[in-house]
Each structure stands twice: as structure tokens, then as C-alpha cells.
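These values consider heavy atoms only, across backbone and side chains, with no hydrogens, waters or symmetry-generated copies. Every number for a ligand or one of its atoms is a count from 1 in the order of the listing.
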Amino acid sequence: MRICIALFALVLVAAQVEAVARSAELPGPAFPTFASPAALDAACQRNVATVGAAIKALERRRPGPDWLARYDDINALAEDLSGPIFLLSNVHPEKLMRDASEACELRWQDLLSSLAQNERLYQAARRVKPRDAIDREFLKLTLESFEDSGVSLAKDERARAKAIVDRVTELDQQFSKNIRDENVRVAFSEAELRGVPENVWKGARRDDQGRVLLGLDYPTSVPVLQDAQNPDTRERMWRAKNNEGGQANLALLAEIAQLRREYARLFGFASYADFTLRRRMAENTANAKRFLEDVRLAVTEREKRELEELREAKARELGRPLADVKLERWDTSYYSERVKRDRYSVDQNQFRPYFPPQESLALVMRMIEKVMGVRYTRVTGVTLWHPDAQAYVARDVKTGRPLATLYVDPYPREGKYNHAAVWPIRSGSTRLHRAPQAALVVNFDRQGLSLDEMETLLHEFGHAVHNNLSTTRHSSGSNVLRDFVEAPSQMLEEWVYDPRVLALMREVCAACKRVPDDLLAKAKVAERYGKGVQYARQHLLASFDLALYDADAPEPMALWQRMEGATVLGHVPGTMLPAGFSHVAGGYAAGYYGYLWSEVVAADLRTAFREDKLDARVGRRYRDTVLAQGGQRPPRALVRAFLGRDSNAKAFFEDLKR
Ligand SMILES: [Zn+2]
């Protein structure tokens, strides 16, 4: 173990020597550092006051041709001052600093919800005459956001709308905090961990009986569920994972759903889903539900067949007659892996030696460079929130011009956000010559990545380049509709199965061994296995989210029991998935279907790369017509510009059948 760490440190040093940029070369403002929670709080108050004063100044301005630009200036200023705070509450190693960041988030929320309800600015915006299509779309979105915040409501209702928004922010924050700060540890003896790769648990803390204490973060919980031979071990880990957030979060979620329904009703809508979806690509709740039903029809038989195969695998392993064997929820990952190993000889852990974390990051960056013409270079000597965090400058390959900053926070630690995500800290704007900045937060295994984790890295990089390569006129123009935002990320996931993409490792790491072609080919076939189960699960989660935000706003746990209870594997009493389902408490409310919806768009976008995933010409067109445009044109127009035709669901449903 120690030797591995030492070797790893050497690799890191090598990567640092390679980096030639200096911190001054990072475009955009430096990432702020705060000496203490009190210092963060003082800066926060000052910054909120600065933006407040800018809003007052704009109120006094007569609406003229430059009004939209001045309004966008305020959004840009607010984003610069608040963007890092929204990241810090999820990644700062000290709890008191995370708490101070959260308190600061509430100050921002209060200011921004007041801004969204500012009647003077709304009236001024209504008098603006847009110059061209880009300004027209920006103005339309601006007016909609004022209206959806309640600016046109009667005075009492407007106050209630603001109170609801602020309260939901607070409840959502508490919801995430309960999951993050819970620090649940499940105790296992070494014998109970038979089958789980040693690197997952060897270094973990122990209790006074010498049992290994494992957390619920992905690098830990996934291998336990996939590999622990002892069914009790899997069950305990699965139950812990499905109780994240606990009763407290169920109560929070119920309150959030009720408040959002009340909010929608202030605007005359029966449900929060109706209120929200009219602004989305799906256009309305009926379209989203119809789409989900199409997905269900396409995957139901496949799911049943796969679950039956898993049950057969279980019967074989236990040497018992099939009729006596029941497949449990904590069995599915484990037996999927067994079937994949038996049938396709693929084991996710086999890939780890080929994908050391730092080199894997470099590999993905090299792929982006080839396809999209942008080069990432590590910048050292930058003070960030944790010594593990890294800074990169993104430069246009042709012109050498610095375009954007990307921070990467690669490894798990206590109190850190435990999934994978990108925080867009700052949006670009050509009008303001503003360089975008984003932070990519993942939880890599320091020993190396599995192919699944490589896929996650590619997914997150899709979000990172969407921010980094945006060249919208207005900074607020880079916001993208929620049911489109996953498409560029999902599109890139499949790049991981292309041997030519993985062969780029040679260019970034001479010492790294190349993934054998036959192993990758087998993994590609194996990847299709289990799609029925996976899509059925996504369908269930998306349907639950839409039902929770339907007109009757049902009690979350009763709804979940009913919906999960109707599936093949049923509901497991004593578990409460909704308590840990932070998407539905937060910004994905009535929008979780967007993951599936975006996949339709992703599959369609991918058709342009069918011949060659490294095609720089197609990549450049993609960068210019889709990524660079952010949200300044509607998603359907972007897809049409890139593909030269209207988007359709053909590729997605064909993929489902494969
Ligand atoms: Zn994503």
C-alpha cells in the first residue's frame, strides 16, 4: 500500500514538471481564499451589498438600447462574487467553512430572489427593443424569469412567492447537508468483505473490535455492492445507502413538495410540474409523461429477462433450485458483475491498472484537444481550497489564446460532495471579454479508475467544456435548459469504448500500458448487458419525481412505496430512497426525466461522430454550433445547426433495442 502511494506521488511530480504555465495565466479572477469563517462572512456581506448597490443604480437608469447589457453586468458581477461560495459549501475541508459558505448562499439567495422580483427592472425590461435574435432570446428569457419569480403577482402573493423560494432554498440546503455531514460508517469484519478488492478497505479506519469502517461514497459502496460475496454485507451496505438522509429528509422533502405546489398555484397552475415544464424542451407535463411511457414500453421485457438471468446466476452460485431463489435488490449489482465476468470475462477492476487517475485526466484532456481544438495545461502554484485541487488553463490550439479556467478536485475526503459533478463558477461573455471558469469534482480511486469511472469522467468533462467553450454574448446567455443540459455529457460517455480514443494514453503517458483491444471489445458488449434494469430504474426515478410534483403533491414515502412496490423487485421495507434523492429536493425538481430526455438528444448528436469519434472537423462544428452557443439559442435550433436536420428519437430507441 505504502509503496503504491509513493509511486503515485512520483507520478504526480512528473505531471507537475510538465506543466509550464504560471498562475497569472489562469484567465478570470483568482479563486478567493478566506482566512476564517468570519472573514468569509464579512466578505460575503460586503459582496452582497456591492451587488445590491448595483441593482439600485440600474433602477435609476432609463431603459435605453444598452439596458440589457447593464442588466447582464449585474448578473455577471453577482456570479463572480457568489460562484466560488456555492462550490466551497460542497468541497471545503473544514466544516465551519462549509457552514459559513452555506450561510452566505442564503444571503445570495435572498438578494437574487429580490432581484428576480424587482418590479422597476421588470417594467424597464418590458420597454427594451432587442437589436437582433440573440438579444431577443435573452430578453424573452429575462422577462420569463421575472414573471416566474412572481413580479406580476398581487403584492401579498408576491411576498409569499419570495418567502417560498427562500424557504425552499433553506430546506434544500438542509437536505444536502444531512446527507453530507451524516458520515455514516458501516462496520465489517475482514471475512465479511471477502471478494471486495483490498484497496477499497485496507486503509479504512477500524472500530475498537478491529472491524473495518466503510463510508457510503461511491468508490467504497459500489465495489462492496458489486463484489462482496457475503449477501449480508451487500444488504447492510445497500440498506445504509438507501437510508441516506433518514426520516429528517423525508419530512424536508414533503415540505418542499407542498411549498412548490403552493408556488405553482400562485401562478394559476395545478402542479409544480406544469409550472416548470412549460419552459423546458419537453414543453409540458403530458409530453414528458408520454416520453417516459415510451421508454417503459421499450425496456420492460428486457428488464424482466435480465432480472431472470440474474436470478438464474444466483441459483447457480448457491447450488439451489431456481424456484427456491429470490433475487434481492442488493443482489443486482453483484450478479450483474458475475454474469458479465462469466459471459464476457469482464471485471471492472481489471481496468484500474490501465487508468491511473492523473494520467486518465490527461488522456481525456488530450481527446478534447484533438476533437474540439482546445488544450488544457496544468497551472501550479495556485492556492485552492485543498492541496488535492488542481488548476488548468484551457487554450485554443490554433491561436494559443487562453479561453477558460478549469479546477479539478479528484479524490474523496470526509465532508466532500460524494458524487461527481461540475460547478460552473463563472459564465463566459464575449461582450464582457469574460473567460468562463468551472470546477470538476469527482471521487477517484487513487489506485486507478475502472472503465465505468472513466465513463463518469468523460461525462463530467462534457459539462466542463460546455462551460469552458461557451462564447455567448451575454454571461447569463450560457444558462442551458435542464432537459438539454445533460446531452453534451451523455454524448461523450461512449467515447470510452473506442480503442482509438484510449490509445491516446500513449501520448500522455509513455509508461502506461495500453488497454488490450479484446478486453475493451468485451467490455463494450458487456456494457449493453443490464441496460433493461438500468433504464427501468431511471424510468422509476423520473416517474417518481414527476408524480411528487403533480397536482396532488402526494406524501413522498407513501408514493415511493407504492411506485417501487409495483416493480419486479418490489419495495424493501425499512428503506427510504427519497430521503437521499437530492436531485428532487434541489434543482432537478420535476426535471429528473431530463436525464432520459437528454439521452435522446445525446444519441442523436452522436450520430455525427458515427464514422470517427476523433473527427476534428465535426468536433469543431460541434464546438461552434452547440457548446459555444450555451442557452442563447433554443436547444432545438442548436441541434439543427449541428446536424443539419431536426432532432429525432430514432437513434435513442434503436440503441435501447441493441
Ligand atoms: Zn451530468
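Remark: Lys416 fails to qualify as a cation-pi partner of Tyr411 under the 6.0 Å distance and 45° angle criteria applied to the six-membered ring.
Every residue two or more places apart in sequence or in another chain that forms a side-chain contact (heavy atoms from CB on, under 4.5 Å) with Glu79 is listed here: Arg426, Ser427, Arg434. For Phe138, the ring-ring contact (aromatic ring centres under 6.0 Å, His included) partners are His474, not counting sequence neighbours.
The salt bridge (Lys or Arg N to Asp or Glu O under 4.0 Å) pairs that include a residue from residues 449-460 are Arg352-Glu453, where partners are two or more places apart or lie in different chains.
In this model, no donor atom of one side chain and acceptor atom of the other lie less than 3.5 Å apart for Tyr588 and Arg482. When only modelled atom types and interatomic distance are considered, His583 and Tyr595 share a side-chain donor-acceptor pair under 3.5 Å.
Listed by chain and number, the protein atoms of type N/O/S under 2.8 Å from the Zn ion (ligand 1) are His459 NE2, His463 NE2, Glu486 OE1; waters are omitted.
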